Amino acid sequence: MASAQTESDRTDSDRPGSVHPSTPRRPSAARGLGDRLFRYQLTAAGVVVLAVMAAVGLFLLLRAGDALSARGLGFLTTAAWQPDVHNFGIAAVLTGTLLIAAVAVTISVPLAVGTALFISDIAPRGLRRTLVTMVDLMAAVPSVVYGLWGLFFLQQHVIGLSRWLSDWFGWIPLFSVDGARPGDPLASESVYTASTFVAGIVVALMVAPIQCSVMREVFAQTPAGEREGAYALGATRWGMIRAVVLPYGKGGIIGGTMLGLGRALGETIAVYLIISPVFTIQPHILQTGANSVSSLIALHYGDASEFGMSALMAAGLALFLLTLAVNFTASTVVARSRSGAQSEA
């Protein structure tokens, strides 16, 4: 009888669709009409965003077809820009774009991290609100204002720093300047104007508020128990920030950095006002002359021929793909971090 009962119990537990006693049940709740509508709206919004991105990429690809078919891979290796004679490429402007963005991120990331940490962990509560408002207002300033400020004010005050970097670190190719005369106080200052360095500083001040906002929000979400635990173990404020806040906010730091990098790659007006366009690969960031994809489009859009417009569209397509690659890489890294996993939950 006991064996028959055991066989019966085992048969019941092994029936298709039966739940084993040790298998946890997933909680479920009936979704009302409002929840379903909200979910459909979010899904539709995500689909619309992806559709718009795909439409933009397809539009650029179709308009750039003539230029890409005429140049082929030479479009990526040619520095000159003479589309009317089919001698054009983005080697020079793409290099300039990457250098300006690199200078901007190098300056903006420490500034954004320090400001975000001061607001979230050090500043008094009353001062914190004021600082948050000021940072947000800086992000709302038009780019043309930054460009005019950099052209007429910042540039003349940065020439001294550019000369000092060239004099002492000119043995590094990145900081060398053709035509510079170290130690000569009467040397011309024109070799340091309209450079990648000046444009990078201006762009850094433009993207730093965005980076700071993202980092500040992530730092503020650091678990209070872990902060208090670090203090209980005898950590100083800097020790707590280094051991708790910064590791937790790694995803926010990376995400904010990449978000600022994406804007720095596509910044147009400020760069256009400051740089002196050159169509050669110019790796010296302190030397006059630079270029970028966005400023190239702004410079030649008004007087471009039909084929020249196709070439500009090809340059825009390259910038579009570069920005997508940066953003997707950032999202992958952020999702694997602790703060990124918390935000996805």
Side-chain angles (χ1 to χ4, degrees), residues 24-29 35 38-39 42 45-46 49 101-141 200-201 203-265 323 326-345:
R25 294 184 177 181
R26 299 185 62 180
S28 61
D35 292 336
F38 182 67
R39 184 175 183 180
L42 294 182
V49 171
V103 172
V105 171
T106 302
I107 297 174
S108 66
V109 169
L111 180 62
V113 172
T115 305
L117 287 175
F118 180 78
I119 293 175
S120 63
D121 290 275
I122 298 177
R125 186 176 300 273
L127 180 60
R128 188 179 306 170
R129 297 177 180 176
T130 303
L131 292 176
V132 169
T133 302
M134 292 178 62
V135 170
D136 293 340
L137 288 177
M138 285 184 62
V141 175
I201 294 177
V203 175
L205 296 179
M206 296 176 62
V207 303
I210 301 175
Q211 295 173 333
C212 178
S213 298
V214 175
M215 298 175 189
R216 184 187 71 238
E217 292 297 330
V218 176
F219 292 158
Q221 296 175 7
T222 304
E226 297 187 15
R227 295 174 184 261
E228 296 172 358
Y231 285 132
L233 293 174
T236 61
R237 178 173 292 180
W238 165 239
M240 183 276 297
I241 292 175
R242 184 179 58 186
V244 177
V245 178
L246 289 179
Y248 179 85
K250 182 175 67 173
I253 295 175
I254 297 174
T257 300
M258 292 303 180
L259 183 63
L261 177 61
R263 182 179 178 185
L265 290 172
T323 306
V326 169
N327 290 333
F328 279 123
T329 302
S331 63
T332 302
V333 175
V334 170
R336 293 181 178 179
S337 66
R338 184 183 174 195
S339 54
Q342 291 286 342
S343 63
E344 292 292 335

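Small disclaimer: the values here were computed from a predicted structure and weren't measured.
Closest heavy-atom contact between Ile119 and Arg216: CG2-CD, 3.5 Å. Contact record, Gly239 with Ala235: C-CB, 4.3 Å, taken as the closest heavy-atom pair. When all heavy atoms of Ser213 and Asp136 are compared, the pair lying nearest together is OG-OD1, 3.5 Å. In terms of heavy-atom proximity, Cys212 sits nearest to Thr115 at SG-CG2, 3.6 Å. Closest non-hydrogen pair, Met215 versus Val113, comes out as SD-CG2, 3.5 Å. Among all heavy-atom pairs drawn from Asn327 and Met258, the shortest one is OD1-O, 4.1 Å.
The side-chain heavy atoms of Asp121 and Thr222, taken from C-beta on, include no pair separated by under 4.5 Å. At a threshold of 4.5 Å between non-hydrogen side-chain atoms, the residues Leu246 and Leu117 count as touching. With a 4.5 Å cut-off on side-chain heavy atoms, Tyr231 and Arg237 count as touching.
For the atom pair CD (Glu228) and CE (Met240), the distance works out to 10.0 Å, reported to the nearest 0.5 Å. Here the CZ atom belonging to Arg242 is positioned 7.0 Å from the OG1 atom belonging to Thr236, to the nearest 0.5 angstrom. Within the model, atoms CE of Met138 and CD1 of Ile210 stand 10.5 Å from one another, a figure rounded to the nearest 0.5 Å. Between Gln221 atom CD and Glu217 atom CD the span is 7.0 Å, to the nearest 0.5 Å. In this structure, OG on Ser120 lies 7.0 Å from CD1 on Ile241, to the nearest 0.5 angstrom.
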- Under the side chain to side chain contact (heavy atoms under 4.5 Å, CB included) rule, what do Ile107 and Leu111 come out as? Steps first, then yes or no, please. CA-CA 7 Å; Ile107 297 174; Leu111 180 62; 5.7 Å; no
- Message: Using the rule given for side chain to side chain contact (heavy atoms under 4.5 Å, CB included), can you reason through Val245 versus Arg227, listing the C-alpha separation, both sets of side-chain angles and the distance that settles it, and then say yes or no?
- Response: CA-CA 8 Å; Val245 178; Arg227 295 174 184 261; 3.8 Å; yes
